[in-house]
Amino acid sequence: MTRAPNSATATETETKPAPLQKWATTLRALRHRNFQLFFSGQLISLTGTWMQSVAQAWLVYRMTKSALLLGSVGFASQIPVFLFAPLGGITADRVNRQRLVIATQIAAMILAGILAWLTLSGRVEVWHVFVLAALLGVVNAFDIPGRQSFLIDMVGKEDLMNAIALNSSMFNGARVVGPAVAGILVARIGEGWCFAANAISYIAVIIGLLLMKVRSVPRISNRSPIEDIIEGFRWVNRTKVIRSLLLLIGLVSLVGMPYTVLMPVFADKILHGGARGLGILMGATGVGALFGALTLAAKTGVKGLGRWVTLTCASFGISLFLFSFSTSFWLSAALLLPAGYSMMLQMACSNTLIQTIVPDHLRGRVMSVYSMMFMGMAPFGAFFGGALANRLGAPATVAAGGIACVLGAIWFGRALPELRIEARRLIVAQGLAGGEPVQELNAQPVEE
């Protein structure tokens with residue numbers, strides 16, 4: 001529970017220098033001890049996760065020299081999220097979320113440890129990587145809705161938006177550091193030690209979770225799991241604002257995100273940057289995404305987030321369209337900064353709105369649908385993007401995806417006036433919205 005600031009604290013905040021006050025606002029979710037433990041542990045663990053991702057891709061490519069198998073491993077790791085996320089959602093709504101996240105982190109640590117042992121002992125085969133990647137995808141199907149739902153237990157509704165933004169910042173900070181460290185370690189000591197480092201990194205987040213004092217009460221349901229899953233899908237379907245946000249996320253994941261899969265083609269054949277160039281291009285996307293998450297962290301209320309979703313989806317599409325025509329390496333890298341910025345800001349704003357609107361008893365199930373749209377659609381997008389690029393070329397494929405994102409933004413923008421009325425009613429029903437009093441939301445639509 002967050003304590004209301006006393007008069008002394010309020011006076012102290014007013015007298016803080018502007019830069020310090022801004023940082024205090026941006027990092028306000030870190031005043032919660034539970035989130036401090038979560039944030040520090042996850043920062044270490046996610047760096048290890050990104051290290052394993054890069055090392056695993058390199059291991060498969062080194063063993064097979066096959067781009068098809070490289071893409072297939074990515075498909076195997078992500079498709080379980082689409083298939084099993086509803087089960088993860090209902091689990092997050094029925095059990096203690098803290099224990100659920102601890103269990104998923106332990107399972108991921110064991111899988112990383114097995115991969116490290118197989119690689120370091122020289123026993124690893126391609127099918128081992130496929131099986132372990134698919135099993136990790138199943139773990140993620142439970143971990144993502146559980147972890148997203150657990151944020152509100154750690155910080156409450158008042159700081160939920162900031163916690164989501166800082167969580168995204170942490171993810172993208174690790175996304176910049178992890179691959180760079182992995183590149184050095186793979187070259188010097190091999191892939192197996194990257195997998196071992198990832199397994200060890202989970203210890204930090206598990207210890208942090210065990211040290212937390214969180215009230216996460218299991219929710220009892222008299223209905224069958226199937227009935228509860230159907231209830232979640234029905235609520236999403238009849239809630240227009242949630243349905244529209246999720247459809248837009250699914251569209252961007254399907255037609256916009258495949259540009260990352262095609263990045264090696266741009267780096268090698270179009271921009272002639274090689275492996276080093278690929279690292280710079282992916283790093284530019286990560287830096288842009290990090291700044292996008294920090295932009296949301298500096299925001300103190302939910303007003304205007306609907307418009308932000310529209311504008312960032314459109315700017316993501318425009319950035320991709322311009323990137324597809326660039327033949328200059330540094331211009332392409334520069335265009336990936338706003339692409340990463342816009343993509344992350346759209347996803348984080350959508351996540352914030354969804355979590356602010358959804359009733360707590362449905363949180364896990366609705367976040368499972370978010371996982372299906374955000375991560376679950378990615379393998380389909382990678383598959384169709386690869387097939388289309390094989391016929392039309394990578395630039396035409398990315399350009400078409402950019403145009404589709406712009407059209408999706410136009411559709412969402414036109415529906416926004418109607419959606420914001422429903423959003424305001426639902427947010428008021430939840431009591432608080434990112435620190436904004438109910439009466440303030442009653443006075444002004446949240447999306448304006």
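Fair warning: this is a prediction, and the values are worked out from it, not measured in the lab. Residues: numbered from 1 along the sequence shown.
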Donor-acceptor contact below 3.5 Å, side chain [X] vs main chain [Y]:
X	Y	result
Thr119	Gly192	no
Asn198	Thr49	yes
Ser45	Gln42	no
Ser53	Trp50	no
Thr312	Val309	yes

Exercise. If you draw a 6.0 Å radius around CZ in Phe291, do more than 12 non-hydrogen atoms from other residues or ligands fall strictly inside?
Worked result: no
For this session: Inspect the surroundings of CZ in Arg33 and state if more than 12 heavy atoms from other residues, nucleotides or ligands are less than 6.0 Å away.
Result: yes
For this session: Check step by step if side chain to side chain contact (heavy atoms under 4.5 Å, CB included) holds for Phe150 and Asp153.
Result: CA-CA 5 Å; Phe150 187 47; Asp153 295 334; 3.7 Å; yes
Seminar exercise, completed: Those residues at least two apart in sequence (or on a different chain) that pass side chain to side chain contact (heavy atoms under 4.5 Å, CB included) with Ala314 are Ala409
Note, [X] side chain near [Y] side chain (heavy atom, < 4.5 Å):
X	Y	result
Arg31	Asp159	yes
Leu281	Phe329	yes
Thr295	Trp308	yes
Phe82	Met375	no
Val358	Trp235	yes
Pro86	Met372	yes
Cys405	Leu251	no
Glu231	Leu362	yes

Looking at every non-hydrogen atom in both residues, tell me the closest pair between [X] and [Y] and how far apart they are.
X	Y	value
Phe412	Gly306	CE2-O, 3.7 Å
Val81	Gly376	CG1-N, 4.2 Å
Ala107	Val139	CB-CG2, 3.9 Å
Ala199	Gly113	CB-N, 3.7 Å
Ala134	Pro80	O-CG, 3.5 Å
Phe380	Phe75	N-CE1, 4.5 Å

Can you tell me how far the [atom1] atom of [X] sits from the [atom2] atom of [Y], to the nearest 0.5 Å?
X	Y	atom1	atom2	answer
Gln56	Phe195	CD	CZ	6.0 Å
Leu305	Leu353	CG	CG	4.5 Å
Phe374	Ser253	CZ	OG	6.0 Å
Leu262	Met257	CG	CE	12.0 Å
Gln148	Ile354	CD	CD1	9.5 Å
Leu331	Leu322	CG	CG	8.5 Å

Exercise. Can Arg97 and Arg363 be said to form a side chain to side chain contact (heavy atoms under 4.5 Å, CB included), step by step?
Worked result: CA-CA 11 Å; Arg97 291 168 183 163; Arg363 189 173 303 279; 3.9 Å; yes
Exercise. Between His361 and Asp93, does a side chain to side chain donor-acceptor pair (under 3.5 Å) hold up when you go through it step by step?
Worked result: CA-CA 6 Å; His361 72 281; Asp93 279 340; over 6 Å; no
For this session: Applying side chain to side chain contact (heavy atoms under 4.5 Å, CB included), run through Ile229 and Leu87 and close with a yes or a no.
Result: CA-CA 8 Å; Ile229 290 172; Leu87 292 176; 4.0 Å; yes
Problem set entry | side chain to side chain contact (heavy atoms under 4.5 Å, CB included) between Leu118 and Leu132, worked out | CA-CA 11 Å; Leu118 288 170; Leu132 291 170; 4.2 Å; yes
For this session: Give the intermediate values and the outcome of side chain to side chain donor-acceptor pair (under 3.5 Å) for residues Ser350 and Tyr370.
Result: CA-CA 9 Å; Ser350 300; Tyr370 172 85; over 6 Å; no
Exercise. What class does the angle between the rings of Phe35 and Phe39 fall in, given that below 30° is parallel, 30 to 60° is tilted and above 60° is perpendicular?
Worked result: tilted
Seminar exercise, completed: The residue among Asp143, Thr91, Asn140 that forms side chain to side chain donor-acceptor pair (under 3.5 Å) with Thr104 is Asp143
For this session: Evaluate the ring-ring contact (aromatic ring centres under 6.0 Å, His included) criterion for residues Phe316 and Tyr341: first the C-alpha distance (whole Å), next the side-chain angles of each, then the deciding distance (0.1 Å), finally the verdict.
Result: CA-CA 8 Å; Phe316 177 59; Tyr341 178 91; over 10 Å; no
For this session: Please confirm whether Tyr259 and Phe266 have ring centers closer than 6.0 angstrom.
Result: no
Exercise. Between Ser332 and Ser326, does any side-chain donor sit less than 3.5 Å from a side-chain acceptor?
Worked result: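 Looking only at side-chain atoms, Ser326 and Ser332 do form a donor-acceptor pair, the distance falling under 3.5 Å.
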